[in-house]
Colleague: 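Have a look at the structure that comes next, please.
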Amino acid sequence: MISIAAYLVLSALKLISGYLFHSSALLADGFNNVTDIIASTAILIGLRISRKPPDSDHAYGHFRAETVAVLLASFIMATVGIQVLIEAGRGLFEGGKAAPDPLSAVIALVSAAGMFCVYMYNRRLAKRINNQALMATAKDSLSDAFVSIGAAIGIFGAQFGLPWLDSVAAIAVGLLICKTAWEIFKDATYRLTDGFDENELQDLRSSIARIPGVESLKDVKARVHGNHVLVDVVIEVDPALSVTESHEISDLIEARMGERHNIMSVHVHVEPRQGEAKQAEHLGRS
């Protein structure tokens, strides 16, 4: 909500100033913030849907709705980025453009400072609640701050008899919008296709392997479900253990995952240690 409010104010300020002061870079920056309004609204809707409890059609809940919202936001950003590139390229090749008013550069710098504050707030909140959608919004706010700085540089440069620098800055803005859209799209599709960082998975394996009673790890899988991580574990234990003792080991694994890795959904499958299980089976047949 804070991001949307900030983008509404800044986009209106930049678009109006861009038209009044004849600055392509500031206009492009304003359109960039318009995409942020749409993207942030989509993410907000996704977050609302993700809070719905599990039902008959969604046994794991609706947490991936926020990832879908992030994916849609990346498409919107890419569309506007391409439009900005087309308009800036047309202005660059047409030529005959007057230098924009220096005041537009001041507006761009003030906007950059505001966007950086929004970035810090969203980043801190995203880390605290471990939320992917909010972290994507924070990264977008940081890129917006750099976009505004780039626009200001282009506008200042146009004051020294190089009016085409304003159009070049607008092209740089369009490219940065497209780059941010690609990065968000790539991360969202990675999560939707059950991608999971190998280093994080190795940390999970190490934590589980050190739990007393775990003889060996046959398999550990993890996937991201919204801002939750789901883990599936297959362990081998001493075949002589009772069902109760094996269950206690499973409880230890679940507790360890929650305490050290903030993972609350762990499915543990227990099997007897392979060598002794085969030996016992052979003796039973004999």
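Heads up: numbering here begins at 1 and tracks the sequence. Worth knowing before you read on, the calculation uses all heavy atoms, side chains too, and leaves out hydrogens, waters and symmetry mates.
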Colleague: Is Arg64 salt-bridged to Asp194, cutoff N-O under 4.0 Å?
Modeller: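 Counted as a salt bridge, because a side-chain N and a carboxylate O are separated by less than 4.0 Å.
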Colleague: Does any part of the side chain of Phe21, heavy atoms only, come nearer than 4.5 Å to the side chain of Ile107, both counted from C-beta?
Modeller: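 Of all side-chain heavy-atom pairs linking Phe21 with Ile107, at least one is under 4.5 Å.
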Colleague: Can you tell me how far apart CG (Leu217) and OG (Ser206) are? Round to the nearest 0.5 Å.
Modeller: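 Taking CG in Leu217 and OG in Ser206, the distance rounds to 9.0 Å.
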Colleague: What pair of heavy atoms forms the shortest contact from Ala65 to Gly46, and how long is it?
Modeller: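 Distance-wise, the nearest heavy atoms are CB-O, 3.8 Å.
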Colleague: Heavy atoms only: give me the nearest Ile177-Gly81 pair and the separation to one decimal.
Modeller: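 Taking every non-hydrogen atom into account, CG2-CA, 3.6 Å.
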Colleague: For Lys221 and Asp219, run side-chain contact (heavy atoms from CB on, under 4.5 Å): C-alpha distance rounded to whole Å, both residues' side-chain angles, the deciding distance at 0.1 Å, then the answer.
Modeller: CA-CA 7 Å; Lys221 296 175 183 175; Asp219 192 24; 2.9 Å; yes
Colleague: Run the numbers on Lys14 and Asp29 for salt bridge (charged side-chain N to carboxylate O under 4.0 Å, His left out), then give the verdict.
Modeller: CA-CA 7 Å; Lys14 290 174 185 177; Asp29 196 4; 3.1 Å; yes
Colleague: What do the steps show when you test Asn33 against Ile37 for side-chain contact (heavy atoms from CB on, under 4.5 Å), and what is the final call?
Modeller: CA-CA 6 Å; Asn33 288 148; Ile37 295 170; 5.7 Å; no
Colleague: Once you round to the nearest 0.5 Å, how far does OG1 of Thr180 lie from CZ of Phe146?
Modeller: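 That separation rounds to 10.5 Å.
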Colleague: Side-chain contact test, heavy atoms from C-beta onward, threshold under 4.5 Å: evaluate it for Arg191 versus Asp187 and give yes or no.
Modeller: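 Arg191 reaches Asp187 side chain to side chain.
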Colleague: Determine, stepwise, if the pair Cys178 / Ile82 fulfils side-chain contact (heavy atoms from CB on, under 4.5 Å).
Modeller: CA-CA 7 Å; Cys178 291; Ile82 292 170; 4.2 Å; yes
Colleague: For the hydrophobic clusters of this structure (ILVMFWY residues joined by side-chain heavy atoms under 4.5 Å, transitively), does one cluster hold both Val224 and Phe63?
Modeller: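 Cluster IDs for Val224 and Phe63 differ.
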Colleague: Only one of Ile253, Ile235, Val243 passes side-chain contact (heavy atoms from CB on, under 4.5 Å) with Val270; say which it is.
Modeller: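 Checked Ile253, Ile235, Val243 against Val270; only one passes side-chain contact (heavy atoms from CB on, under 4.5 Å): Ile235.
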Colleague: Give me the atom names and distance for the closest heavy-atom approach of Val231 to Ala222.
Modeller: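 What the structure gives for the nearest pair is CG2-CB, 4.1 Å.
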Colleague: Same cluster or not: Met257 versus Val220, using hydrophobic residues (I, L, V, M, F, W, Y) connected whenever any side-chain heavy atoms lie under 4.5 Å apart?
Modeller: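 Yes, Met257 connects to Val220 through the hydrophobic network.
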Colleague: Sub-3.5 Å donor-acceptor pair from the side chain of Glu254 to the main-chain atoms of Asp251, do we have one?
Modeller: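 Checked: no pair found.
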Colleague: Hey, is CZ on Phe116 packed in by over 12 heavy atoms from elsewhere, all under 6.0 Å?
Modeller: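 No, CZ of Phe116 has 12 or fewer neighbouring heavy atoms, counting only those of other groups under 6.0 Å.
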Colleague: Taking all atoms of both residues into account, what is the closest heavy-atom pair of Val237 and Ser246, and its distance?
Modeller: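 Taking Val237 first and Ser246 second, the nearest heavy atoms are CG2-OG, 4.0 Å.
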Colleague: Please determine which of His267, His269, Arg223 meets the side-chain hydrogen bond (donor to acceptor under 3.5 Å, both in side chains) test together with Asp232.
Modeller: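 Passing option: Arg223.
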Colleague: Would you give the length of the straight line joining atom NE2 of His58 to atom CG of Asp55, rounded to the nearest 0.5 angstrom?
Modeller: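 It comes to 6.0 Å.
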Colleague: Distance check, rounded to the nearest 0.5 Å: Thr244 atom OG1 versus Ile249 atom CD1?
Modeller: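 Result: 11.5 Å between the selected atoms.
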Colleague: Between atom NZ of Lys218 and atom CD of Glu271, what is the distance when rounded to the nearest 0.5 Å?
Modeller: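 Reported value, rounded in 0.5 Å steps: 4.0 Å.
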Colleague: Taking atom types as modelled and ignoring hydrogens, do the side chains of Ser141 and Tyr7 form a donor-acceptor contact shorter than 3.5 angstrom?
Modeller: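 Their side chains do contain a donor-acceptor pair, which is all the 3.5 Å distance test asks for.
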Colleague: Can you tell if the side chain of Val110 reaches within under 4.5 Å of the side chain of Leu13, non-hydrogen atoms only?
Modeller: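 No, their side chains stay 4.5 Å or more apart.
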Colleague: Under 4.5 Å between side-chain heavy atoms, hopping through other hydrophobics if needed: is there a path connecting Leu109 to Leu103?
Modeller: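 No, no single cluster joins them.
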Colleague: Can you check whether Lys186's main-chain N or O pairs, donor with acceptor, with Thr189's side chain at less than 3.5 Å?
Modeller: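 Here the side-chain-to-backbone pair exists.
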Colleague: Are Val229 and Leu192 connected in the hydrophobic side-chain network, where two residues link if heavy atoms are under 4.5 Å apart?
Modeller: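 No.
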Colleague: Would you kindly confirm whether Leu142 and Leu176 end up in one hydrophobic cluster when ILVMFWY residues are joined by side chain heavy atoms under 4.5 Å apart?
Modeller: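 Yes, one cluster joins them.
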Colleague: Check whether more than 12 heavy atoms from other residues, nucleotides or ligands sit under 6.0 Å from atom OH of Tyr19, and answer yes or no.
Modeller: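 Counting other residues, nucleotides and ligands, OH of Tyr19 stays at 12 neighbours or fewer.
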Colleague: At their closest point, which heavy atom of His62 faces which heavy atom of Ile49, and how far apart are they?
Modeller: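 Nearest pair, atom of His62 first, then Ile49: CB-O, 3.4 Å.
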Colleague: Can a donor-acceptor pair be found, under 3.5 Å and without considering hydrogens, that links the side chain of Arg256 to the backbone of Ser207?
Modeller: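 Answer holds: yes.
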Colleague: Might you point out which heavy atoms bring Gly18 and Leu26 nearest each other, and give the distance in Å?
Modeller: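 Shortest heavy-atom contact: N-CD2, 3.8 Å.
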Colleague: Are Asp144 and Tyr119 close enough that a side-chain donor and a side-chain acceptor fall under 3.5 Å?
Modeller: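 Looking only at side-chain atoms, Tyr119 and Asp144 do not form any donor-acceptor pair under 3.5 Å.
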Colleague: Counting C-beta onward and ignoring hydrogens, is there a side-chain heavy-atom pair between Val233 and Leu204 closer than 4.5 Å?
Modeller: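 SC-SC contact between Val233 and Leu204 ruled out.
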Colleague: Under 4.0 Å between a Lys/Arg side-chain N and an Asp/Glu carboxylate O for Arg260 and Asp203?
Modeller: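 Asp203 and Arg260: not salt-bridged.
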